[in-house]
Every structure is written in C-alpha cells, then in structure tokens.
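The chains referred to below are lettered A, B, ... by the order of the sequence lines, with proteins before strands, and numbering in each begins at 1. Computed over heavy atoms, backbone and side chain alike; hydrogens, waters and symmetry mates excluded.
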Amino acid sequence: MNEPLPTLREEVVAIVKIIPEGRLMTYGQIAALAGHPRAARIVGGIAHYGDPKLPWQRVVNKKGYLANGYPGGRVGHQQALASEGIEAIDFRVPIERLIWWPSKS
DNA sequence: CGAGTGACCGCAA
DNA sequence: ATTGCGGCCACTC
C-alpha cells in the first residue's frame with residue numbers, strides 16, 4: 001500500500017481536529033502548517049465542503065472576525081464560540097490572546 | 001469532463 | 001492610511 005500523500009485537506013482537517021477548546025487558529029496559519037502558507041483560501045473551501053463535524057468554529061480569519069459562510073452566519077458562529085467560553089465582541093474575538101500554536105503547545 | 005467558486009492572506013501603488 | 005489585485009488547492013455542479 002502506498003502511503004497516502006498528506007494532502008492539504010487531510011492536514012487541515014487533522015489540525016482543526018486537534019485545536020483545544022477555548023483556543024483559536026487562523027486559516028492562513030492552518031494552511032501554513034499544512035505546507036501551503038498561501039492557501040488560506042483553500043482552508044476556507046475545505047471548511048465549506050469538508051466535514052461539518054470539525055470544530056471550524058475555532059477557526060477564524062486573521063483579523064479575528066467570524067466567518068460569513070458559517071452555518072447560521074456570523075451569529076451562529078458567535079454563539080458556537082460563546083458556548084466554548086470565547087466571548088465574541090461585535091462578531092470579533094480577542095484572537096491575539098486566544099490564538100493557539102500547535103508547536104508551542 | 002470542464003469551469004467556477006470558496007468561511008483567506010499578503011503585498012503594491 | 002486605504003484600496004485593489006493576485007495566488008493557492010480542493011470540491012461541487
């Protein structure tokens with residue numbers, strides 16, 4: 001069996017799955033960890049077409065603003081974050097202190 | 001099968 | 001400081 005090449009989708013999905021609760025990551029960051037620093041767009045595409053069971057709610061853009069394409073809109077996203085203890089102010093979260101780096105634990 | 005879209009990011013002028 | 005554009009891969013129709 002040949003080893004399944006770790007595609008961006010597989011890597012992104014794996015990273016999103018390991019994001020601890022109460023922590024946030026940016027699309028560009030996940031894309032960079034997957035080996036494609038300029039493929040932030042693809043992460044968004046995967047989020048839309050990928051597994052809805054993944055904690056995409058912990059994934060936001062680098063500005064800290066919530067995703068407009070999230071099921072339910074930014075409101076649904078904000079409530080999902082609030083459910084994990086993350087306070088979203090005006091559809092924006094203090095990403096600067098909630099950002100999480102897998103290599104830094 | 002071909003083409004377009006997608007929840008983004010960074011840089012240039 | 002702001003605005004506009006390109007770039008990347010995967011998925012769906």
Review point. Yes or no on side chain to side chain contact (heavy atoms under 4.5 Å, CB included) for A:L24 and A:W100, after CA distance, side-chain angles and deciding distance?
Key: CA-CA 6 Å; A:L24 301 173; A:W100 177 68; over 6 Å; no

**Study point:** Nearest-0.5 Å distance that lies between atom CG in A:D51 and atom CZ in A:R9
**Key:** 7.5 Å

**Study point:** First and last nucleotide of DNA chain B, 5' to 3', lying under 4.0 Å from heavy atoms of chain A
**Key:** B:dG6 to B:dG10

**Study point:** Atom of A:Q78, atom of A:A88 and distance for their closest heavy-atom approach
**Key:** NE2-O, 2.7 Å

Check your understanding: For DNA chain C, which nucleotides open and close the run of contacts to chain A, 5' to 3', at under 4.0 angstrom from a non-hydrogen atom?
Key -> C:dG7 to C:dT12

Point to revise | Steps toward side chain to side chain contact (heavy atoms under 4.5 Å, CB included) verdict (A:W56, A:V16) | key: CA-CA 7 Å; A:W56 297 108; A:V16 174; 3.6 Å; yes

Exercise for review: To the nearest 0.5 angstrom, please state how far the CD atom of A:E84 sits from the CG atom of A:L98.
Suggested key: 11.0 Å

Review point. Where each residue is assigned the nucleotide of DNA chain C containing its nearest heavy atom, which of A:R38 and A:R9 is assigned the position nearer the 5′ end?
Key: A:R38

Practice item. Please figure out whether A:Y49 or A:N61 has its closest DNA chain B nucleotide nearer the 5' end. Key: A:Y49

**Study point:** CA sep, side-chain torsions, deciding dist, call: A:T26, A:N61, side chain to side chain contact (heavy atoms under 4.5 Å, CB included)
**Key:** CA-CA 5 Å; A:T26 68; A:N61 51 22; over 6 Å; no

**Study point:** Least distance between heavy atoms, A:E87 atom then A:V93 atom
**Key:** O-CG1, 4.2 Å

Review point. Which value, in whole Å, describes the distance between the P atoms of nucleotides B:dG4 and C:dG6?
Key: 15 Å

Check your understanding: Using a cut-off of 4.0 Å on non-hydrogen atoms, how would the nucleic acid contact of A:H36 be classed: base, sugar-phosphate, or nothing?
Key -> sugar-phosphate

Review point. If you take all heavy atoms of A:H77 and A:Q57, which pair is closest and at what distance?
Key: NE2-O, 2.8 Å

